[in-house]
Amino acid sequence: MPEKSAGTLATETVASPTIRMPKRPAGTLYRGREGMWSWVLHRITGVAIYFFLLVHILDTSLVRLSPEAYNAVIGAYKTPIMGLGEIGLVAAIGLHALNGLRIILIDFWSVGTKHQRVMFWVVIGLWLVLLAGFIPRQLMHIFGGE
Amino acid sequence: MTTIEAPRTPAAKPQRRRGINWEKWGWMYMRASGVVLVVLIFGHLFVNLVAGEGVKAIDFAFVAGKLADPFWVVWDTLLLWLALIHGANGMRTLVNDYATNPTVRRILLGAILASTVVLLTLGTLVIYTFDPCPAGQPADLLPSFCPVNQ
């Protein structure tokens, strides 16, 4: 039940206007939206893939040393923990690849910028399809469900 | 008396840097290599993780079988060079963005350059000096096409 009539409230607002400092900056077209998060995810996945690549070049180089050395190290990739890690790797690569194609379309497609937001959700959709195909297959491989 | 410039006097033209615009070509490289890497990496992931027994099938004989085929030699060479330079250039971007201390920045950029040169050299040497049937190795670890297994 209103304690004051609408007329009283309106008079009070005009009499003492209060300007409150926002706790955080107001949203913009970019901040906190699809554009920013795709940029954040692109950086994080890029760094993760880079460090995997450094290790992967070194472990593959063991083929030049001896079959035993290579087989011993590659055996680590077949354990359940690393098998789950490979799902994370494929997820990171898939997101970085699809979002990279989105960046190229934004840069070179005449209406790419206009459609960047919907393309972000297309990227997420295709990424989920990719993972829906890969994760069961990988779980069968590492836990021997075949 | 102070002279006031005529209105709409164009500002002094900024000096156009001479020579190759490396940042522009770096930007172009990320997009060009990115498109090729989508094909190369998804092909690599399919053959190594999805097809057949997946990751469980990977051992020396599996890799030797691939590297005995010129198709995979070219594929893996392109993968090595395009991916590592793409990754190193991306890391260079991050270092330029976040390393505010000039000394730290130079050390990090030097480390990226050095590791890239070392790994490209190592990887290329491995691919092109590789022997799928090394002498004196247990036959059961070698591919079936090696003379010891015939």
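Here is the naming used below: chain letters follow the sequence lines, and residue numbers restart at 1 for every chain. Heavy-atom basis, side chains included; hydrogens, waters and symmetry copies ignored.
Following chains of ILVMFWY side-chain contacts shorter than 4.5 Å, one cannot reach Leu101(A) starting from Val129(A), and the two form parts of different hydrophobic clusters. In the hydrophobic clustering of this structure, Val40(A) groups with Met30(B); members are Ile, Leu, Val, Met, Phe, Trp, Tyr whose side-chain heavy atoms approach within less than 4.5 Å, directly or through other members. In the hydrophobic cluster analysis, where Ile, Leu, Val, Met, Phe, Trp and Tyr join through side-chain heavy atoms closer than 4.5 angstrom, Phe71(B) is grouped together with Trp81(B). Under the 4.5 Å side-chain heavy-atom criterion for ILVMFWY residues, no single connected hydrophobic cluster contains both Leu125(B) and Trp75(B). Both Leu128(A) and Trp121(A) sit in one connected hydrophobic cluster of ILVMFWY residues. Membership requires side-chain heavy atoms under 4.5 Å apart, directly or through other members.
Highest contact tally toward chain A, considering only Gly90(B), Gly34(B), Ala88(B), Ala57(B), is held by Ala88(B) [criterion: heavy-atom pairs under 4.5 Å]. When each of Phe60(B), Phe130(B), Phe62(B) is scored by its heavy-atom pairs under 4.5 Å with chain A, the top score falls to Phe60(B). Contacts with chain A were tallied for Ile58(B), Val63(B), Asp76(B); Ile58(B) has the most, counting heavy-atom pairs under 4.5 Å. Put simply, of Gly46(A), Gly133(A), Gly100(A), Ser61(A), the one with the most heavy-atom pairs under 4.5 Å next to chain B is Ser61(A).
A side-chain donor-acceptor contact under 3.5 Å links Arg137(A) to the backbone of Val50(B). With Lys56(B) contributing its side chain and Lys78(A) its backbone, the two residues share no donor-acceptor pair below 3.5 Å. Under the 3.5 Å distance criterion, the side-chain polar atoms of Asp59(B) are left unmatched by any main-chain donor or acceptor of Asn71(A). The backbone N or O of Glu53(B) sits less than 3.5 Å from a side-chain atom of His141(A), completing a donor-acceptor pair.
Side-chain contact between Arg31(B) and Ile103(A) is present, with at least one heavy-atom pair separated by less than 4.5 Å. For the pair Pro134(B)/Pro67(A), a side-chain contact is recorded, criterion being any heavy-atom separation below 4.5 Å from C-beta on.
If you take CZ on Arg43(A) and CG on Leu94(B), they are separated by 5.0 Å, rounding to the nearest 0.5 Å. Distance CD/Glu68(A) to CG/Leu141(B): 5.5 Å, rounded to 0.5 Å.
Residue contact with chain A, scored on non-hydrogen atoms closer than 4.5 Å, involves the backbone of Ala51(B) exclusively. Looking at Leu89(A), there are no atoms closer than 4.5 Å to chain B (heavy atoms on both sides), in backbone or side chain. Heavy atoms of Leu37(B) lying under 4.5 Å from chain A are absent altogether. Only the side chain of Tyr70(A) comes within contact range of chain B, with heavy atoms under 4.5 Å apart. Residue contact with chain A, scored on non-hydrogen atoms closer than 4.5 Å, is absent for Asn48(B). In this structure, the portion of Leu142(B) lying under 4.5 Å from any heavy atom of chain A is its side chain and not its backbone.
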Only pairs under 3.5 Å count here: list side-chain donor-acceptor contacts from residues 47-57 of chain A, not counting sequence neighbours, and write none if there are none.
none

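Annotation: Arg106(B), atom CZ; neighbour count of heavy atoms from other residues, nucleotides and ligands within 6.0 Å does not exceed 12. In the displayed structure, Met28(B) atom CE is contacted under 6.0 Å by at most 12 heavy atoms of other residues, nucleotides or ligands. Residue Trp27(B) places its CH2 atom among more than 12 non-hydrogen atoms of other residues, nucleotides or ligands, all under 6.0 Å distant.
Taking a 4.5 Å side-chain heavy-atom cut-off between Ile, Leu, Val, Met, Phe, Trp and Tyr, the cluster of Leu105(A) extends to Ile106(A), Trp109(A), Val111(A), Met119(A).
Of residues 38-45 of chain B, those residues with a non-hydrogen atom less than 4.5 Å from any non-hydrogen atom of chain A are, in numerical order, Val38(B), Ile41(B), Phe42(B), His44(B), Leu45(B). Along residues 113-122 of chain B, the residues that come nearer than 4.5 angstrom to chain A, judged on non-hydrogen atoms, are Ser115(B), Thr116(B), Leu119(B), Leu122(B) in order of number.
The two residues Leu49(B) and Gln138(A) come nearest to each other via the heavy atoms O-OE1, 4.2 Å.
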